[in-house]
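On a predicted model such as this, the values are computed, not experimentally measured, just so you know. The chains referred to below are lettered A, B, ... by the order of the sequence lines, with proteins before strands, and numbering in each begins at 1.
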Protein chains: 2
Amino acid sequence: MPERAPSRGRPRDIDAGRRILIAARDLLLVDGYAALSIDEVADQAGVAKTTLYRRWPTKDHLIVAVVALMQDDVPILDTGDIRADLTDYLRQVADGLNTMRRAGLPESADDRSAGVVAEIAAAAARHADLGTLIRAVFARRNAMAIGLLASAARRGALRTDLDVAVLFDQLVGPLYYRILVTGEPVDHPYLDLIIDGALRGARPSHAHPA
Amino acid sequence: MPERAPSRGRPRDIDAGRRILIAARDLLLVDGYAALSIDEVADQAGVAKTTLYRRWPTKDHLIVAVVALMQDDVPILDTGDIRADLTDYLRQVADGLNTMRRAGLPESADDRSAGVVAEIAAAAARHADLGTLIRAVFARRNAMAIGLLASAARRGALRTDLDVAVLFDQLVGPLYYRILVTGEPVDHPYLDLIIDGALRGARPSHAHPA
DNA sequence: TTACTTCCGCTACCCAGGTATCGGAAAGGT
DNA sequence: ACCTTTCCGATACCTGGGTAGCGGAAGTAA
């Protein structure tokens with residue numbers, strides 16, 4: 001949402017952008033990505049379509065902005081218990097994914113649609129700027145999670161000879177794989193299994209078994 | 001590609017479907033998903049647009065059919081060396097992903113686009129039938145890979161108390177995560193790191209270190 | 001042959017994302 | 001006040017995915 005103020009000419013209607021985002025969020029959660037129409041968003045925001053396009057050049061840009069706003073940056077705590085901290089983090093990620101997964105879908109709980117998540121990934125693939133944007137949105141949280149692993153390694157809770165970035169991929173990768181590819185559920189028992197598998201090989205060799 | 005023969009009425013032009021798929025594949029690899037237009041496919045296949053839509057009801061269905069055809073089912077060998085066999089399998093997966101990743105993109109090698117892969121995931125999210133279709137395409141190969149892990153566990157090369165399906169997710173999940181989310185490269189060194197991380201925790205406790 | 005069925009190609013059309021243009025409105029500079 | 005700049009809203013339009021309806025072509029069944 002580029003909000004430059006040129007201080008010359010008519011200023012932008014500050015509230016218009018907010019109303020557009022609210023209308024888009026509401027329609028996205030109710031109707032999903034495909035059924036959300038730009039005309040309806042503009043209409044519901046009380047704004048001309050051109051005003052909307054002046055702020056977000058494509059539907060993808062608008063939707064990514066909406067999703068980015070919905071990500072409230074809950075901090076990751078480093079309590080010293082690596083398993084508990086990782087559980088907290090992965091549950092945050094899984095909750096966000098599961099929420100977007102069923103956006104706009106009826107209550108038929110048995111279909112394996114990736115919903116909005118897949119549309120975001122496709123939007124990032126179509127527009128390079130959106131890719132960097134959404135990666136920046138999650139960068140801080142991801143960096144904290146990786147820092148969690150690094151500090152655990154420093155204090156001897158993890159092996160020191162492994163790449164924490166790769167370990168991180170093996171923690172979150174399966175979640176995205178299930179959401180985007182297989183459609184299988186990503187629930188708390190699954191998260192525990194993932195953490196078990198990742199940490200089992202990451203413990204130092206002299207550690208006593210959990 | 002539903003090819004029913006009702007034996008009544010004018011039979012379908014057998015060659016038309018083939019020509020459509022060829023034209024679609026060529027245009028997909030050159031132009032990518034967004035720039036591929038149905039009209040151009042029909043035109044290049046020498047076929048009316050309605051004939052195309054009689055076989056594939058949406059652009060997504062057509063593209064998924066094209067991608068499914070491009071997957072030649074290379075068998076997975078179980079040589080007894082679990083690390084070598086997994087390397088073979090993951091390289092197959094990564095090669096396929098990397099090929100589709102850059103479909104339709106120029107030679108600018110530094111952008112992290114997921115390309116066609118993300119569009120396929122989105123197509124699977126939009127149409128439930130396409131989701132089951134593409135999962136069926138990879139089902140055999142995935143089942144062989146999981147069988148690889150199971151047989152390794154049976155002969156004592158892996159722990160027997162772990163869920164091989166979860167272990168499988170931790171092997172392939174990071175690949176899709178990198179392709180679809182982070183855009184980072186998925187090359188052979190990365191595959192080795194993933195296999196290392198997954199197998200390190202999967203070895204039986206009495207095993208001697210590699 | 002004739003009747004029936006289904007496909008083909010064609011045209012016309014609907015819908016939604018996105019663009020172009022234009023008169024007018026809301027600011028700042030002088 | 002007046003000009004300049006930029007935004008707003010409205011309309012018209014282009015494009016591409018997808019649908020509807022038609023006459024005719026290619027087959028089977030009698």
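- Along DNA chain C, the nucleotide nearest to B/V47 and the one nearest to B/G9 differ in position, and the one closer to the 5' end is contacted by B/G9.
- Under 3.5 Å, the side chain of B/K49 and the base of C/dG9 form no donor-acceptor pair of N or O atoms.
- The side chain of B/D39 lies closest to D/dG17 when the candidates are C/dG29, C/dG17, D/dG17.
- For A/D43 and A/K49, the salt-bridge test fails: no basic side-chain N is under 4.0 Å from an acidic carboxylate O.
- Checked options B/D192, B/D88, B/D196; the residue passing with B/R83 is B/D196 (criterion: side-chain hydrogen bond (donor to acceptor under 3.5 Å, both in side chains)).
- For A/D60 and A/Y33, the side-chain atoms include at least one donor-acceptor pair closer than 3.5 Å.
- Projected onto DNA chain D by closest heavy-atom contact, A/P11 and B/T50 fall at different nucleotides, the more 5' of which corresponds to A/P11.
- If you find the closest nucleotide of DNA chain C to A/K59 and to B/A16, the one lying nearer the 5' end belongs to B/A16.
- Checking C/dC7, C/dG24, D/dG17 against every side-chain atom of A/R10, the shortest atom distance belongs to C/dG24.
- For A/T51 against D/dC7, no side-chain N or O and base N or O form a donor-acceptor pair under 3.5 Å.
- B/L52 places its CG atom 15 Å from the C1' atom of C/dC7, with the value rounded to the nearest Å.
- For B/R8, counting side-chain heavy atoms from C-beta on, the closest listed nucleotide (C/dT5, C/dG18, D/dC7) is C/dT5.
- Taking the six-membered ring where the residue is Trp, A/F168 and B/Y177 present perpendicular rings, their angle passing 60° and hence far from 30°.
- With distances taken from any side-chain atom of B/R54 to the nucleotides C/dC8, D/dC7, C/dG18, the minimum falls on C/dC8.
- Heavy atoms of B/L36 sit under 4.0 angstrom from primed sugar atoms or phosphate atoms, though from no base atom.
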